[in-house]
Amino acid sequence: MWAVYKKETGTFFRSMTGYLYMAFLLLVSGIYFTAFNLQGGMAEFGYVLGNTTVVLLIVIPVLTMRTLGEEQRLKTDQLLFTAPVSITSIVLGKYLAVLTVFAAPFAVLGFCPLVLSRYGTVLLGQSYACFVAFLFMGAACIAIGMWVSSLTDNQIIAAVGTFAILLFSYLAQGIGSLISGLVGGLTGGVTRGGNTGLVEAFSLFQRYYDFVDGVFDVTHLVYYMGVTVLFLYLTVRSVDRRFHKGIYGPVMCGLVLAIVVLADLIVLKLPVGCTRLDISSDRIYTLSRQTREVIQGLDSQVRLYLVAPRGQEDERLVRLLERYQDLDRHIFAEQVDPVADPGFVSSYTTDKVSDNSILVAGEQRFRLVRNAQLYPSSYDYDTGRISTVFDGEGQITSAVHYVVSEHLSRIYLVTGHGETELSEKMQAALDKEGLEYCPLNLTAAGEVPEDAGAVWLHVPVADLTQKEAQILADYLERGGNMLLITGITSIEMPWLDWVMAAYGLEAVQGMIVEGDGNSSIPSYPNFLLPGIREHVITQPFLETDGLLLLPNAHGIGRTGEVRGSVELEDLLVTSGRSVLRGTGGTGDQGIGQTKDIPGPFPVAVTARERTASGETRITWISSSSLLMDEIDEMAGGNNKDLVLNAIGWMTGQNQGISIRPRSTSSPVLRLTSAQAVRWSILFAGVIPAGILGAGIVVCVRRRKV
């Protein structure tokens with residue numbers, strides 16, 4: 001075998017074939033490398049190889065067309081196959097020679113990710129995983145080309161035949177979707193497109209893009225190896241049948257095919273976590289601890305339906321749902337084609353459902369997670385750009401928790417005092433956490449409803465009435481919960497103060513200004529970055545070194561007179577260099593105040609008291625701008641999470657805390673124009689030209705000899 005390997009490898013490099021192939025592939029790759037990475041600033045090299053896959057349709061037929069067909073044309077196959085070496089060894093020797101030539105350019109391309117790493121963060125593991133997948137894919141294509149070459153002694157027919165097979169494989173995904181649409185139309189939309197699986201099974205090239213998307217899929221590598229083994233065996237049988245007739249060959253071919261298919265099926269049955277490794281930049285396919293706690297505690301069935309036309313499904317969502325199904329036997333994931341089965345979605349909701357939305361159905365209730373919720377967009381005030389993140393895990397886990405919960409917490413938003421309305425993003429965050437919310441007019445209702453998980457006063461600008469204050473006090477004495485967010489004001493609120501004084505708290509009115517530059521944002525000393533104290537509400541921020549931003553906050557003081565059963569804890573505290581500039585507010589420390597009061601000041605506190613009816617929990621935050629969208633975005637979404645964590649602490653629902661969206665964008669490289677040009681000239685010009693020149697020199701010398 002090695003003698004055949006050396007002979008065939010030398011043949012490629014004693015002629016222009018090997019050099020032309022290497023120069024051509026490096027030229028095309030160099031152009032894409034320049035466009036995507038050097039000029040576009042993209043950090044992933046896998047996209048370069050992904051766009052180079054189309055080149056394989058041309059180069060593989062050229063490399064393989066002469067491997068066995070030329071032996072037949074020159075009648076040298078009789079001598080070769082009667083030599084003291086097996087046909088299998090001959091075929092393997094020729095195959096390895098072509099594979100060596102095919103892989104040779106990657107000795108150069110392998111340096112590209114290292115070059116990019118000089119100018120930014122590059123996921124080298126993901127980049128080189130794409131190299132592995134590309135080589136496996138090329139190996140399978142070469143095996144197909146050699147089999148075609150063994151069927152004919154005409155090199156042109158061998159090249160065209162290989163091209164036709166590879167082209168069909170390249171288009172198999174689209175052909176499968178087309179067949180699905182045609183069958184669905186002919187049958188009146190009663191099929192879900194499952195009949196196209198056989199066509200799509202021939203897709204060699206589409207599988208590579210999973211590696212580009214950040215999934216190291218072992219099942220794809222096994223598939224490529226299976227195709228390689230199958231077609232190499234078919235090549236051996238094709239050559240051998242010219243010398244040995246009988247039924248043995250066809251039977252063995254069928255047996256090898258069965259073994260290859262069985263191996264693929266076995267690997268597909270293995271747990272997703274073992275066969276599809278997450279190598280994406282932000283680990284978007286790795287489920288968090290919170291999700292595992294929710295899913296693995298299920299005792300009833302939950303079905304996750306991906307609503308998308310066949311062939312148009314979001315592969316990212318498909319992979320994520322596979323992870324959920326792999327976690328617990330109670331989870332079932334399935335795709336539903338709304339074109340083939342229009343009545344399915346309408347049986348749950350009459351609303352229009354966008355493609356690639358997810359319907360989560362439990363035994364008691366369901367929730368529809370729309371595609372816009374899975375891919376929320378935000379505006380970056382620094383760059384003026386709209387960025388999109390992936391919130392698949394957070395939304396799906398929240399929906400699962402919602403549909404299986406026996407009792408849902410309901411939050412009542414107190415109205416009637418000029419309270420600030422919640423933003424759409426805050427409302428969406430409450431929905432995501434499975435929290436129902438509705439307005440509550442205390443005067444009209446006369447009491448806080450019994451199903452209240454908590455009441456929320458969100459920046460009131462007018463005081464409570466005596467009746468409303470008494471209703472709140474009674475509710476809290478029975479073990480109720482309250483979230484209070486207030487702002488700086490000169491309006492006296494004696495009845496709200498009376499409610500809070502029962503728990504030893506009072507407002508210290510005036511604007512807090514930081515004297516410590518590390519505790520505020522630059523040029524804005526009133527935009528506080530307070531110190532975070534240890535508490536279940538703030539623990540996620542301490543673990544991740546997260547920052548919280550509280551603009552225009554006032555102080556929260558202690559009255560000094562409080563029952564011994566009340567426990568007070570500070571959540572957020574300003575630095576010792578902060579001062580409070582008074583406005584003559586309602587707190588005892590602020591009345592008649594004309595000079596600055598030195599800090600530190602609590603700006604978020606909790607109160608807790610065990611009562612005969614339960615446990616009272618109160619959270620008070622003193623920044624009216626806390627939940628403004630632009631402020632929350634400046635804090636990276638932590639302000640919103642602070643409020644959600646506080647509600648979770650008060651209502652006892654902490655499962656959904658801090659499942660944050662994942663970034664789908666790749667890191668951006670920072671190259672100067674001069675640097676990009678230099679590397680472009682090297683990889684797209686000098687190296688391909690040098691290889692081509694070396695081939696010309698070798699051929700000229702051989703002719704002279």
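Since the model is a prediction, treat every value here as computed from it, not as a measurement.
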Open item on the list: What's the separation between atom NE2 in H220 and atom CE in M225, rounded to the nearest 0.5 Å?
Closed with: 13.0 Å
Task: Close aromatic pair by centroid cut-off 6.0 Å: F344 and Y305 - done: yes
Open item on the list: What's the separation between atom CG in L232 and atom OH in Y95, rounded to the nearest 0.5 Å?
Closed with: 5.5 Å
Open item on the list: For R303, give me all partners under side-chain hydrogen bond (donor to acceptor under 3.5 Å, both in side chains), at least two apart in sequence or on another chain.
Closed with: none
Task: Under 3.5 Å side-chain donor-acceptor pair for T152 and N154 - done: no
If you look only at distance, which donor and acceptor atoms sit under 3.5 Å apart when one is on a side chain in residues 40-56 and the other is two or more places apart or in another chain?
| from | atom 1 | to | atom 2 | distance (Å) |
| --- | --- | --- | --- | --- |
| E44 | OE1 | S666 | OG | 3.2 |
| N51 | ND2 | Y47 | O | 2.7 |
| T52 | OG1 | V48 | O | 2.6 |
| T53 | OG1 | G50 | O | 2.7 |
| T53 | OG1 | Y209 | OH | 3.4 |

- [ ] Using only heavy-atom distances, determine whether the side chains of D314 and Y375 contain a donor-acceptor pair under 3.5 Å.
- [x] yes
TODO: Using the side chain to side chain donor-acceptor pair (under 3.5 Å) rule, collect all pairs that involve residues 117-131, keeping only residues at least two apart or in two chains.
DONE: Y119-W679
Open item on the list: Does L327 form a side chain to side chain contact (heavy atoms under 4.5 Å, CB included) with Q296? I'd like the steps, not just the answer.
Closed with: CA-CA 7 Å; L327 273 184; Q296 293 176 346; 3.8 Å; yes
Open item on the list: Looking at A308, is its backbone amide N or carbonyl O close enough to the side chain of D355 to form a donor-acceptor pair, meaning the two atoms are under 3.5 Å apart?
Closed with: no
Task: Side-chain (Q325) to main-chain (F332) donor-acceptor, under 3.5 angstrom - done: no
Task: Shortest non-hydrogen separation from L26 to P105 and the atoms involved - done: CD2-O, 3.7 Å
TODO: May I ask you to check if R66 and F12 form a cation-pi contact, with NZ or CZ under 6.0 angstrom from the six-membered ring centre and within 45° of the axis?
DONE: yes
Task: Distance, nearest 0.5 Å, that separates CD1 of I144 from CH2 of W147 - done: 9.0 Å
Task: Candidate pair L63 and I142, rule side chain to side chain contact (heavy atoms under 4.5 Å, CB included), full reasoning - done: CA-CA 8 Å; L63 290 177; I142 291 170; 5.6 Å; no
Task: Side-chain touch L151/I157, heavy atoms, less than 4.5 angstrom - done: no
Open item on the list: Please list all pairs meeting salt bridge (charged side-chain N to carboxylate O under 4.0 Å, His left out) that have one or both residues in residues 662-671, counting only residues at least two apart or in different chains.
Closed with: E393-R662
TODO: Could you tell me whether a side-chain N or O of T291 sits under 3.5 Å from a main-chain N or O of L287, the two making a donor and an acceptor?
DONE: no
TODO: Kindly indicate whether the side chain of Y233, heavy atoms from C-beta on, has any atom under 4.5 Å from the side chain of T88.
DONE: no
Open item on the list: For residues 160-172, which residue pairs pass the side chain to side chain donor-acceptor pair (under 3.5 Å) check, not counting sequence neighbours?
Closed with: none
Task: Close side-chain approach of L317 to L374, heavy-atom, < 4.5 Å - done: yes
TODO: Under the side chain to side chain contact (heavy atoms under 4.5 Å, CB included) rule, what do F390 and R316 come out as? Steps first, then yes or no, please.
DONE: CA-CA 10 Å; F390 180 60; R316 183 178 289 128; 3.9 Å; yes
Open item on the list: Show the nearest heavy-atom pair for residues A103 and L135, with the distance to one decimal.
Closed with: CB-CD2, 3.9 Å
Open item on the list: Restricting to non-hydrogen atoms, name the atom on V227 and the atom on A140 that form the minimum distance, rounded to 0.1 Å.
Closed with: CG1-CB, 3.9 Å
- [ ] Flag the pair L57 / F205 as yes when at least one side-chain heavy-atom distance between them is below 4.5 Å, and no otherwise.
- [x] yes
I'd like a table of donor-acceptor pairs (distance under 3.5 Å, sequence neighbours excluded) in which one partner is a side-chain atom from residues 688-698, with atom names and distances.
none

Task: Pairwise side-chain contact, L124 with L114, heavy-atom cut-off 4.5 Å (strictly under) - done: yes
TODO: Output the distance between atom CG (L166) and atom CZ (F202), rounded to the nearest 0.5 Å.
DONE: 13.0 Å
Open item on the list: For I259, give me all partners under side-chain contact (heavy atoms from CB on, under 4.5 Å), at least two apart in sequence or on another chain.
Closed with: L255
Task: Main-chain N/O of R276 paired to D217 side chain as donor or acceptor, under 3.5 Å - done: no
- [ ] Flag the pair L669 / L116 as yes when at least one side-chain heavy-atom distance between them is below 4.5 Å, and no otherwise.
- [x] yes
- [ ] Kindly give the heavy-atom pair with the smallest separation between M16 and C699, and that separation in Å.
- [x] CG-SG, 3.4 Å
Task: Heavy-atom side-chain proximity of T235 to L68 below 4.5 angstrom - done: yes
Task: For T9, all residues meeting side-chain hydrogen bond (donor to acceptor under 3.5 Å, both in side chains), sequence neighbours excluded - done: none
Open item on the list: Do Y224 and V229 have side chains that approach each other closer than 4.5 Å (heavy atoms only, starting at C-beta)?
Closed with: no
TODO: Check L204 against C141 and note the closest heavy-atom contact, atom names and distance.
DONE: CD1-SG, 4.0 Å
- [ ] Could you tell me whether a side-chain N or O of S357 sits under 3.5 Å from a main-chain N or O of V307, the two making a donor and an acceptor?
- [x] no
Open item on the list: Show every side chain to side chain donor-acceptor pair (under 3.5 Å) that has at least one partner inside residues 18-37, sequence neighbours left out.
Closed with: T34-S680
Open item on the list: Set out, in order, the CA-CA distance, both residues' side-chain angles and the distance that settles side chain to side chain contact (heavy atoms under 4.5 Å, CB included) for C253 and R237, then state yes or no.
Closed with: CA-CA 8 Å; C253 288; R237 301 316 315 168; 3.4 Å; yes
Task: Residues in salt bridge (charged side-chain N to carboxylate O under 4.0 Å, His left out) contact with D210, at least two apart in sequence or another chain - done: R319
TODO: For S89 and S86, test the side chains for any donor-to-acceptor distance below 3.5 angstrom and give the result as yes or no.
DONE: yes
- [ ] Measure the CD-OG1 distance between E8 and T100 for me, rounded to the nearest 0.5 Å.
- [x] 11.0 Å
TODO: Rounded to the nearest 0.5 Å, what's the gap from CG on L265 to OG1 on T219? Could you check?
DONE: 11.5 Å
Open item on the list: Centroid separation under 6.0 Å, is that true for the rings of Y208 and F136?
Closed with: no
Task: For the student: nearest non-hydrogen atoms of D337 and R310, plus distance - done: OD2-N, 3.1 Å
Task: Between T286 and D278: side-chain donor-acceptor atoms closer than 3.5 Å - done: yes
Open item on the list: When you measure from the side chain of D326 to the backbone of V272, do you find a donor-acceptor pair of N or O atoms at a distance under 3.5 Å?
Closed with: yes
Open item on the list: Tell me every residue that passes side-chain hydrogen bond (donor to acceptor under 3.5 Å, both in side chains) with R207, counting only those two or more places apart in sequence or in another chain.
Closed with: none
Open item on the list: Is a donor from one side chain sitting under 3.5 angstrom from an acceptor on the other, for Q675 and T672?
Closed with: yes
Task: Residues which pass side-chain hydrogen bond (donor to acceptor under 3.5 Å, both in side chains) with Y324, listed by chain and number, not counting sequence neighbours - done: T397
